[in-house]
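Just below is one structure, and these are the notes that go with it.
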Amino acid sequence: MNNITLSTFLKKQLDCSKIDKNLLVLLNTITNSCKKINSIIRNGNEYDIFSESNTINVQGEQQKKLDIIANELIIKDSECISCLAGIASEEVETIYEIPNAYIRGDYLLLFDPLDGSSNIDVNISIGTIFSILKTDDNDNSITEKSFLQKGKKQIAAGYIIYGPQTNLVLSIGDGVLSFILDSYNEWVLKEEKITIPVHSSEFSINASNMKLWDSRIKQYIEDCLMGTDGPLKKKYNMRWVGSMVADIHRILRRGGIFLYPKDSNSINGKLRLMYEVNPMSFLIEQAGGLATSGTESILEIEPKELHQRIGVVLGSKAEVEIIKKYYQ
Ligand code: AHM
């Protein structure tokens, strides 16, 4: 039986100089925080996580109590480990600088503490997404600009899905690995080198937005729905959880594409580039898939703002290539 834990795996990467000590500590810390979040979710009633808070986040969304708990937990656990220069979170308007009381490192952590939080009260899979960047050598003081790096510069990215199983999916830029949280609360390696099937016939989109889409996405979905009688000449299946971690996890495992395009209500897109779309695109491309805004590779986009939104299509390579043609 495979019993390589995440700590053992990271130690091995350190020994062969694939990561440095600070990245090892940082990854162990984030994933430990997520073990705590997992335990809070599994004991939800005790922590009263199902209720709304009275606060609105920077995105103008009503925060759930669990959004706030998870956010504070990750910041508190990681600010003191001497690996980070700064932190940015979906739930915090500006960047979080490491307090003077702690030693500053040279990594930057960006995260969405709780993706899919509208699904908490209906017991559907939710997750935590993170992205790790490095500061520029010339960065003496950390500002929002320090974080505004292209997705391809990510040193590591990952997500934790709190589903029937708790699963960590991670890339340090050398493929994608999956770890399962076992009954001893250890991350145990389940799979190395996850690859997404190149071809697929499954799409994932919030179809209730159809009248808001532009003509290119509308046309693609209409063609999918025509099945073997349409120009794409295959029968498509549709799956939509409404929790990005769950939808992407399914696609990583068995192929498919995920679309959250810009529409006439969300003219810049709905999902956030820096801590949702970039880390997911990094994982998808590390697994052999593709991620595009329709016209531009996601990982090549020069970010302009910390909480920037973006329209995205990602997943199985051949299917994303088909959609790119609709954009042309
Ligand atoms: P959140 O960060 O507030 O949870 O929003 C992100 C979520 C994604 O998980 C999901 O793909 C999307 O929002 C669904 O939004 P909608 O139901 O509005 O289509």
Side-chain angles (χ1 to χ4, degrees), residues 34 37 40-41 44 49-53 55-74 88-93 110-131 157-163 167 169 202-214 217-218 221 238-252 256-281 283-284 291 293 298 305-315:
C34 292
I37 296 170
I40 292 170
I41 293 169
I49 59 166
F50 301 110
S51 52
E52 301 283 343
S53 71
T55 49
I56 305 276
N57 71 7
V58 55
Q59 330 283 342
E61 299 157 347
Q62 175 86 45
Q63 291 174 303
K64 299 266 181 179
K65 278 197 175 159
L66 192 55
D67 285 315
I68 298 173
I69 295 172
N71 182 60
E72 286 174 358
L73 209 151
I74 293 175
S89 159
E90 178 184 4
E91 302 301 331
V92 186
E93 185 164 4
L110 299 96
F111 68 102
D112 175 357
L114 213 72
D115 177 69
S117 52
S118 63
N119 286 324
I120 298 172
D121 49 354
V122 287
N123 203 14
I124 285 177
S125 300
I126 47 182
T128 299
I129 309 172
F130 62 89
S131 161
Y159 64 81
I160 288 84
I161 177 165
Y162 311 103
N167 203 170
V169 174
E202 201 164 278
F203 66 87
S204 186
I205 191 166
N206 184 346
S208 70
N209 293 329
M210 186 173 255
K211 72 173 192 322
L212 308 172
W213 298 335
D214 76 22
I217 290 292
K218 235 183 230 167
I221 297 296
M238 195 203 84
R239 288 284 182 271
W240 173 256
V241 179
S243 203
M244 192 191 194
V245 276
D247 285 312
I248 297 294
H249 194 63
R250 185 188 58 252
I251 288 167
L252 262 177
I257 54 159
F258 174 92
L259 307 95
Y260 216 116
K262 297 176 182 179
D263 62 40
S264 56
N265 265 0
S266 312
I267 51 167
N268 296 318
K270 159 150 190 178
L271 299 172
R272 275 53 57 117
L273 175 64
M274 299 302 295
Y275 39 79
E276 290 180 325
V277 175
N278 266 347
M280 288 307 198
S281 301
L283 290 164
I284 290 284
S293 66
I298 294 288
E305 288 167 32
L306 194 56
H307 297 291
Q308 179 173 341
R309 294 176 190 260
I310 191 93
V312 62
V313 175
L314 49 75

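Bear in mind that the values here come from a model prediction, so they are computed numbers and not experimental data. Atoms within a ligand are numbered from 1 in the order they appear, just like the ligands themselves.
At a threshold of 4.5 Å between non-hydrogen side-chain atoms, the residues Leu273 and Ile298 count as touching. Proximity of Asp67 to Pro113: side-chain heavy atoms (C-beta onward) are nowhere separated by under 4.5 Å.
Remark: Asp214 engages Arg216, Ile217 in a side chain to side chain contact (heavy atoms under 4.5 Å, CB included) (not counting sequence neighbours). Qualifying side chain to side chain contact (heavy atoms under 4.5 Å, CB included) partners for Val241, counting only residues two or more places apart in sequence or in other chains: Ile124, Ser243, Ala246, Asp247, Arg250. For Glu305, the side chain to side chain contact (heavy atoms under 4.5 Å, CB included) test picks out Glu144, Gln308, with sequence neighbours left out.
Thr128 pairs in a side-chain contact (heavy atoms from CB on, under 4.5 Å) with only one of the listed residues (Ile161, Ile74, Asn71), which is Ile74.
Contact shell of ligand 1 (protein heavy atoms, cutoff 4.0 Å): Glu61, Glu90, Asp112, Asp115, Gly116, Ser117, Asn206, Trp240, Gly242, Ser243, Met244, Phe258, Tyr260, Lys270, Leu271, Arg272, Glu276.
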